[in-house]
Every structure is written in C-alpha cells, then in structure tokens.
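Structure first, commentary second.
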Amino acid sequence: MPQLLPPLLLPRALIDPQLNNLPPADEGGLVAVRLSHQHGVITAIEAHPRRDGELLPLALTPLVEPHAHLDKAFSWEGHPNPEGTMQGALAANLAEHQGRSLQQVLERGERALERGWRYGLRAVRSHIDSLGSGAEPGWQGLLELQQRWAPRLCLQLVALVPVRHWATAAGAALARQLVSRGSQGAVLLGGVLGAPMAPSRADAEGLLALLQLADSLGAPVDLHVDESGDGGGAGVAMVARLVRRHRIGVPVTCSHSCSMSQLGAARLSRLADAMADASLAVVALPPTNLWLLGHAAGNTPASRPLAPIRQLQRAGVTVAVGGDNVQDPWHPGGDFDPLELLRFCLPAAHLAPWQRQGLAPFTTAASRLMGLEWDGVLRCGAPADLVVLAAGSWSELLCRPPQRRVLRAGQWLPEPAPARPELAAQLEGMAASHGHGSGLVQLG
Ligand SMILES: [Zn+2]
C-alpha cells in the first residue's frame, strides 16, 4: 500500500515540470502538494487545496555538498589560524598534514558524513591532500568511508596536488593508481592553479598534463583555481582555452573562480562566455572566500572576491555552491549543514531561494555538476527523499536555524545530534539552580 504524507509546501522548481495537475506556484515559487510513496520511491504527486491561513511545512529534496575537505575537517582546535590569512592557513595545514593518521581521517570523515546525512545531505565531493605523508592515510580512510556510506550517501573523492605535479612521471603514476582504486566516476583529479601566485608556464604544462591524463582515464576534473582577489581570472581563462584546444571530453569543474569577479563587466562577460563554450562548471565557495580573502592590514575588507555566480549563470555556466572548509585552518566555522549554507548565501551572494537560479546551486545544478543519477526533482519513480522544515515560509527558514526531519527512501532519519551535549547540560544546570521557573535568570 502506498503511504500518503501530510500536505507540504514545495518549491515548484523541485517538482516535475511536466506535471500539469498542479496550480501555479505562489510568489515564493511554492506549491502545496500531497506526496505518496511506496518501496522508497514517489508514487503520486497531487495538488493540496490550501485553506485560507492553513500553515504547512516547507520541504526541499535532500541537498548536495559539491566541495568539502573531509581529510582535514575539525582540525582547527589543534591547528588554528587565528589571523585568518591564506599564508597562515597553508602553514597550519602543512603542519597538521605531516602528522595526519588513518585513525584521524576515519574519525573526521565519519563525523562529517554522519552530521551531513542527518542534516539532509545526499552527496558529498571531498578533495584530499594527495602529496606528502598525509596523502595515503587520507585516501585509505576516505575510500573506506566511500564504501561504508554508499547505501546512504554518494561520496566522490578528488586528488588535490599543485597542478604542475601532474606533468611529472610520479604525477602520471599517481593518477593511474588513484583512479584504479575507486569506483567508476567516484575518483576525480584536481589541483591548485592560479592562487596565491599567477599561473606560470609550468602550471600550464601541469594543467595540460592533468586534462590529458583525466581524459585518457575517464576521470572528471575539479580544480582549485583563482582562489584570490588578484589575477583577473587568469587561471579559469587558461582552463577554458586548454579544454577547447585539446577537445577534453571529461567534465571539468573550476572551484573558487574568485578573481574573475574583479574584472570589468565586458571582460567578465567574455570570460564567462568562454567558460560556457568549454562546458566548464563552477563551484562557488562563499564561507571560506569571505573569511580568507581580502585581508587588508587589520581593516574591514572593502573587496570580497567571490565567483560571480549570477553572471556565470546568465552565460550558461552550471554553478553550484559549496561549504568548503569546516573547522580547519582555512575556516573555523561550518558543520556540513546545507541549510546553514543556504541561509548564509542570501546576504553573502545574493542568492534568494525563492528564485529558481537562487535555489539551483544547492540542489539541481549541484546534482548535475556532480553527475548524480537523480537531479533532485520529485517525479513519480524518484526517491522518496525529503528535508521537511519547521518553517512555514522562506522568511521563517531564513530568520532562525530551522528544526527539520529528513526522509530517505521513505524512512525518517534520526535528528541531527546536538554538537555539545555536555555544554547544553551545563546550561540547563545553571538555569535550574538560578531562578528557573520564575521567568527571570538571576545573574551574579
Ligand atoms: Zn577547497
């Protein structure tokens, strides 16, 4: 017997566009529907005639994290970078990497995936530091977690090295070895290009070697490129040029793509067109970029380098948004919560979730960029997967962190665990011993 869910408010952008039995969406792009599911898939989508003033929970399909670093997550406490500079992050990252163990990677990755899954993530792409002593623990640990989590969450892994390494014999051997260790399409090749230094001739050789290796191995590419306010998009321009000239057929993603935002409108538009012509995709990473870039001698920054998401979308480039670093030397915050990221991006990147192009970077475009089987759109036969929120409108989602319940394959997941139950208990204890119940808390 199919099970009928209570009525929900869903973005029309996340429901089959072919369905013609639904009323037009409201001004928030939402429609009230009733969903039925059986054996883990959606079996019916029907309109719900909403009574005047009827309060319904807003729901989304599970979200996608297209750019993370699970091998170094949660390492800020031991390796902080209080100045918040790129140089400070590199130095702390290097020190932490040299002592990185398999046990640490397994613990960090497991904790990250557990939190993300309960928050409503269904897929994560993680880069792995792939040169030096921490590389093998990183790959061994995350390949094990890729297998362990496969029934619940898709985990893609990307090799992260300085891009020029791919032009060496060791680089070519590394590429072949890594691709053979993972399942088809779940291991990608990447690298750092164009930041903090401008791309050099050696970088161009490394990038070409990477693209040709990836193409011959059938492995998609995801680069850290132009993570800087300087350079005017020289890195992404080089990627677009080489991909077209050498007819690279595998998907190529440019993560960061910040410095092109400093170009004038006409040059930016030409570069965005060239990226669209080369079928490049972009992952914008607002939390790390806004924290790490634009430091100016202790002043509040006036310039905030960030991928020009809307201009790229207008040119036809697929753009997703990711959280990047979580509690590591590159960014002290974050918790693998895609709704927090969505809430952050309203003011940070002017992405409004009631607009199709504002929601797509977290849902449909991110799914397409990662090459996932499901695009995140509900239709008959799609997974019975939902994130249901204790929010009755977009504004209620944006005004406070929402309570949520996640449905996967028709089954409700446990709630996200409190991050610090010991501290929550201490707070309860304080309130209980200082006037709890009177409505006032006595201080001192
Ligand atoms: Zn990154």
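Computed from a predicted structure; not experimentally measured. Counting convention: from 1, in listed order, for ligands and their atoms alike.
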Subject >> Asp16 (side chain) donor-acceptor with Arg379 (main chain) under 3.5 angstrom >> reply: no

Original post:
Between Arg310 and Leu351, is any pair of side-chain heavy atoms under 4.5 Å apart?
Top reply: yes

Subject >> Neighbouring protein N, O or S atoms of the Zn ion (ligand 1) [cut-off: under 2.8 Å, no waters] >> reply: His67 NE2, His69 NE2, His224 NE2, Asp324 OD1

Original post:
With respect to Leu30, which candidate in Leu9, Leu10, Leu8 satisfies the side chain to side chain contact (heavy atoms under 4.5 Å, CB included) definition?
Top reply: Leu9

**OP:** Check for a donor-acceptor pair, side chain of Ser126 on one end and backbone N or O of Leu70 on the other, with a separation under 3.5 Å.
**Re:** yes

Original post:
Do the ring planes of His224 and His256 sit parallel (below 30°), tilted (30 to 60°) or perpendicular (above 60°)?
Top reply: tilted

**OP:** List the steps and the verdict of side chain to side chain contact (heavy atoms under 4.5 Å, CB included) for Glu340 and Asp335.
**Re:** CA-CA 8 Å; Glu340 275 309 296; Asp335 198 28; over 6 Å; no

